[in-house]
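Read through the structure below, which is laid out as structure tokens, and then see the notes.
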Amino acid sequence: MPFLHTWQLRAEFALRLSQMYGEEVPAYNTLVEVSSHVNQDFMDRHGSDAERLGTLERVTAERHGAIRVGSPQELASVARVFAAFGMHPVGFYDLRDASSSSVPVIATAFRPVDEDELAKNPFRVFTSLLATEDPRFFNEELQRELREFIDSRSLFPDGLLELADRATVGQGLDSDEAERLLHLATSVFQLSSEPVDDAWYRKLEAISAVAADIGGVSSTHINHLTPRVLDIDDLYQRMEDRGIKMIDAIQGPPRWNGPDVLLRQTSFRALDEERTFRFADGSEGQGKLRVRFGEVEQRGVALTRKGRDLYEEMNAEIDRRMTSGDSRSRVSETVWQEMLPGTDAELAAQDLAFYTYSSSASQGEVPDGASLAELVTAGTVELNPIVYEDFLPRSAAGIFQSNLREAGQRDDAQEGTLYDMDRLSEIIGLPIKDPVDLYRAQQDASLSELEKQLGVTLR
Ligand code: OOG
Ligand code: NI
């Protein structure tokens with residue numbers, strides 16, 4: 001009986017969610033199809049250079065998903081399920097104050113952490129927790145009602161968590177149990193056909209559509225699944241040509257004349273889906289909800305802390321320069337060309353972005369005391385970008401917002417509740433890793449290897 005290793009479970013989990021989502025949201029299948037054409041064409045245009053940010057095989061299979069849960073207990077359980085697939089909490093996102101948008105959630109991403117695990121299958125899930133304690137959104141009465149409603153539901157069927165724990169400890173499962181784990185874990189994220197309590201849902205919706213989506217129904221669901229492309233501008237145009245209306249802009253960095261940086265994302269809006277509602281008099285009727293949408297992304301090199309600071313400065317500069325009638329993408333492009341070095345070598349030399357290093361030279365071929373930058377310029381050492389595996393708070397808030405019809409309500413006379421990475425770690429029961437530390441460690445390890453190979457200490 002074959003044994004499925006953690007990464008095989010993860011790859012299969014991503015595949016099954018993808019199949020399920022394609023059946024539920026057919027436009028997703030179109031997105032995947034167009035994405036794979038975009039990637040193939042990009043490969044044809046750029047040859048082997050196209051794979052600098054990941055092999056075509058990895059990029060084609062690559063997805064991220066997004067889910068939302070309502071209580072610390074639910075988040076802790078989700079963490080147990082994801083651990084079985086080798087997905088660990090990385091990064092902390094507070095979307096309550098992300099620029100002009102405000103959504104009552106805090107979040108982390110569950111993803112593989114090791115380089116080789118990422119290479120095998122990088123499936124990640126952006127996981128939001130409703131900030132039910134924040135009095136700016138929920139008054140005391142609503143906080144109590146939300147707690148009661150959420151505590152009385154059970155998202156995880158019997159057996160799932162135990163099976164997940166066994167897979168975590170055993171670093172995999174044999175095939176019968178693997179099948180059961182995959183079936184149960186996928187089902188949790190299927191859209192439920194249970195009637196929605198109209199009064200309760202609408203009450204929450206008046207505060208925040210996201211709160212209604214999370215706390216207004218008795219189950220959870222995956223609300224998007226995102227393929228990765230190598231050229232998002234091309235994808236955007238092709239989707240529009242097919243008559244699928246995308247949101248107005250591509251979120252994150254602009255198209256510019258330099259290396260791909262961080263993460264660019266765009267989406268099509270949530271579509272109306274038929275749902276059954278139960279009304280106060282006990283009767284039931286059909287209605288429509290918009291909860292699921294399609295998103296696509298292009299990934300680039302990860303930035304250092306210094307690089308991220310510069311990125312924020314550039315965003316502020318773009319905001320300053322924008323006057324009415326300006327196109328944000330045009331202003332952004334100008335600011336990027338002015339403020340950010342336009343080559344990998346410069347980004348590396350100024351410690352703005354993360355790279356691994358490789359060389360075909362060996363001991364004795366390089367003088368001691370040479371600088372890394374000199375060796376890169378001389379072509380003795382090659383730079384390979386470390387791909388950004390995480391998310392951007394501003395874009396995430398933008399993705400949430402673009403799917404909401406109403407702005408919602410928020411009482412800014414109240415003091416917000418403090419949530420931070422430590423508090424979220426405590427809730428999950430595992431330390432959340434800092435993404436920048438992971439990239440730095442990967443770069444450092446590669447540098448040490450290189451020094452060993454060349455037998456020198458690099459400046
Ligand atoms: C999550 C939105 C964030 C992304 O790609 O930035 C996200 C959600 O809608 O639940 O997925
Ligand atoms: Ni997303």
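Quick caveat: nothing in here was measured; it's all calculated off a predicted structure. Each ligand, and each atom within it, is numbered from 1 in the order the structure gives. We're numbering straight along the sequence, starting at 1.
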With sequence neighbours left out, which residue pairs that include part of residues 58-77 fulfil the ring-ring contact (aromatic ring centres under 6.0 Å, His included) condition?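 Applying ring-ring contact (aromatic ring centres under 6.0 Å, His included) to every pair that reaches into residues 58-77, excluding sequence neighbours, yields H64-H224, H64-F391.
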With E24, which residues qualify under salt bridge (Lys or Arg N to Asp or Glu O under 4.0 Å), at least two apart?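 In terms of salt bridge (Lys or Arg N to Asp or Glu O under 4.0 Å), with neighbours along the sequence ignored, E24 is linked to R292.
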Could you list the residues that satisfy salt bridge (Lys or Arg N to Asp or Glu O under 4.0 Å) with D260, not counting sequence neighbours?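 Here no residue qualifies.
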Pick from T356, I386, L438, T304: which one makes a side chain to side chain contact (heavy atoms under 4.5 Å, CB included) with Q443?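 With Q443 as partner, T356, I386, L438, T304 yield a single side chain to side chain contact (heavy atoms under 4.5 Å, CB included), made by I386.
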Does E295 bring an N, O or S atom to within less than 2.8 Å of the Ni ion (ligand 2)?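 Given the 2.8 Å cut-off, E295 counts as a ligand of the Ni ion (ligand 2).
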Do the side chains of R238 and D234 get close enough for a salt bridge, i.e. N-O under 4.0 angstrom?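 Yes, R238 and D234 are salt-bridged.
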Salt bridge or not for E33 and R242, using N-O below 4.0 Å?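 A salt bridge is present here (some side-chain N lies under 4.0 Å from a carboxylate O).
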Of all N, O or S atoms in H64, which has the smallest distance to the Ni ion (ligand 2)?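 Looking only at N, O and S atoms of H64, the one nearest the Ni ion (ligand 2) is named NE2.
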Do Y419 and F92 have their ring centres less than 6.0 Å from each other?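 Ring centres of F92 and Y419 not closer than 6.0 Å.
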Check ligand 1 for N or O atoms under 3.5 Å from a protein N or O and list each pair with its distance.
residue, atom, partner, partner atom, Å
ligand 1, 5 (O), H64, NE2, 3.1
ligand 1, 5 (O), Q265, NE2, 2.9
ligand 1, 5 (O), E295, OE1, 3.3
ligand 1, 5 (O), E295, OE2, 3.0
ligand 1, 9 (O), R68, NH2, 2.7
ligand 1, 10 (O), R68, NE, 2.8
ligand 1, 10 (O), R68, NH2, 3.3
ligand 1, 10 (O), N223, ND2, 3.3
ligand 1, 11 (O), H224, NE2, 2.9

